[in-house]
Protein chains: 2
Amino acid sequence: MKEGPDIARIGTLIGDPARANMLTALMGGQALTATELAQAAGVTLQTASSHLSKLEDGGLIAQRKQGRHRYFTLADAAAGSLLESLMGFAASRGHLRHQPGPKDPALRKARVCYDHLAGDYGVRMLDSFVKRGAIATDGENLAMTEEGRAELGRIGIDVGTLSSSRRPICKSCLDWSERRSHLAGTLGKALLSHFLEKGWARRSGESRAVLFTPEGERKFLALFPAD
Amino acid sequence: MKEGPDIARIGTLIGDPARANMLTALMGGQALTATELAQAAGVTLQTASSHLSKLEDGGLIAQRKQGRHRYFTLADAAAGSLLESLMGFAASRGHLRHQPGPKDPALRKARVCYDHLAGDYGVRMLDSFVKRGAIATDGENLAMTEEGRAELGRIGIDVGTLSSSRRPICKSCLDWSERRSHLAGTLGKALLSHFLEKGWARRSGESRAVLFTPEGERKFLALFPAD
DNA sequence: TTCATACTTCGATCCTAGCCGAAGCATCTT
DNA sequence: AAGATGCTTCGGCTAGGATCGAAGTATGAA
């Protein structure tokens, strides 16, 4: 019949509201149990179990058995990036589930996107890197410069250890709230971990929001000045 | 729990096989009619019509009325890019439907658009007429000049006989493979007929492609030189 | 005008897939 | 061992939506 990849299968998987809620919850980057995901989706455990096995078959999520728990995560960074693209597109068409009112400014300011920082602060960080020549870009692809390696060394991140993975060090990821790109890849992950370790910020309990301490915020803004 | 963009809505739109087939067909870049898309999707015209209005509401496609046809295209580059991401992801997970066959460059080169010539050659023809002052344009509307009447007389077309109909002699028609305008109207129709009658070209069997003979191609290119 | 073509809307059917209750495994605790 | 917790499987119910026939609308052709 038809040729090419089966986008309908992926679409169907994401198209169910319960599954979409689960995937959105997993965008936080944390591994969640079936019970937690059932709650996030608003369905019973049996139903959630059925959804999770479909998502796993489709290659969107992966599971890890640990004792009597099963921890689910997004399958990989590509899955996270696809979901972020979808969110960006949906937001650009005005397909929001509730108005972007003053209720969730924390999410717009800084949130976790799978394993790296997104929102205003995420975009600001990438902008700053590009502006000072630490990262070179052709609009789509990103590349580390020599200056960038030195710069990150001063911050306290050894770029050498990041290149071991097959995953790219720098990658752009479309930000749905800002409609611009922020920094993904192993470097994006390392930077977020760095901020959390240093105590500049902490993860919000249930939400994807990243909450900066007053001191952490001051240091972050000094490190990545805006225009 | 219900935060952010509604990815489920986009997922549902792409998740139906008939709609996915339509979107895949539109990824070719050409504008397609509802009838053509119904064929591509393997459903009846009524069903296709329903799908198309849903896709339009969702912001994935746009339509352009032209005469009694409705030409559908992807809404914009963002929609195309989203679909490409999805195809890449689906392919990376091994969700393939069939091996991709050789695509048809002949369609992009020259094809029939209702009753006139479209594609690279169609755009080239209008460009050439405008450049030599045979047709005047304000960007949207086209008008025959006196020079143009003489010019067409030399080619072998009597413009006088074309003006009997209520249909305009010259009309611009957006070409979706080239993203520029080509020549429609009774003159566009007459020119295509002329080429076919003279044996410069012939219509492909089932496809919309117009196949030029080596001699016809030489004469056509001499008559309508590029920049 | 009358006919033909392109498409939409309406109405009815049918089938998929989401849903949950109940029961069944598996693993940890005591 | 017995009980508790976490999750899966089974079976039946139901709603949503994909589908098409038939009728309606719009535009072009004769």
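Reckoned from all heavy atoms, side chains included, excluding hydrogens, waters and symmetry mates. Within every chain, numbering begins at 1; the chains are lettered A, B, ... in the order of the sequence lines, protein sequences first and strands thereafter.
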Trainee: Counting just side-chain N and O atoms, does B:Lys65 come under 4.0 Å of either OP1 or OP2 of C:dC7?
Mentor: no
Trainee: Are B:Leu191 and B:Leu152 side-chain neighbours, meaning at least one heavy-atom pair lies under 4.5 Å?
Mentor: yes
Trainee: Could you work out how much the helix from C:dT1-D:dA30 to C:dT30-D:dA1 bends, comparing the axis of its first five pairs with that of its last five, to 10°?
Mentor: 20°
Trainee: The criterion is side chain to side chain donor-acceptor pair (under 3.5 Å); which residues satisfy it with A:Ser81, sequence neighbours excluded?
Mentor: none
Trainee: List for me each residue that meets salt bridge (Lys or Arg N to Asp or Glu O under 4.0 Å) alongside A:Arg68, sequence neighbours excluded, and say none if there are none.
Mentor: none
Trainee: Figure out the CZ/C1' separation between A:Arg9 and C:dT16, and round it to whole Å.
Mentor: 16 Å
Trainee: Just jot down the salt bridge (Lys or Arg N to Asp or Glu O under 4.0 Å) partners of A:Asp115, sequence neighbours excluded, or say none.
Mentor: A:Arg167
Trainee: Rounded to whole Å, please give me the gap between CZ in B:Arg64 and P in D:dT27.
Mentor: 16 Å
Trainee: Write out all pairs satisfying salt bridge (charged side-chain N to carboxylate O under 4.0 Å, His left out) with one or both partners inside residues 144-157 of chain B, taking only residues at least two apart or from two chains.
Mentor: B:Arg132-B:Glu151, B:Glu146-B:Arg149, B:Glu151-B:Arg154
Trainee: Whole Å only: how far is the CG atom of A:Asp57 from the P atom of C:dA17?
Mentor: 14 Å
Trainee: With sequence neighbours left out, what residues match A:Thr12 under side-chain contact (heavy atoms from CB on, under 4.5 Å)?
Mentor: A:Arg19
Trainee: Quick one: salt bridge (Lys or Arg N to Asp or Glu O under 4.0 Å) partners of B:Arg93, sequence neighbours excluded?
Mentor: A:Asp76
Trainee: At under 4.0 Å between heavy atoms, how does the protein contact nucleotides 7-20 of chain D? Give one character per nucleotide, 5' to 3', with B, S or -.
Mentor: BBB--------SSB
Trainee: Excluding sequence neighbours, so at least two apart, what forms salt bridge (Lys or Arg N to Asp or Glu O under 4.0 Å) with B:Glu215?
Mentor: B:Lys219
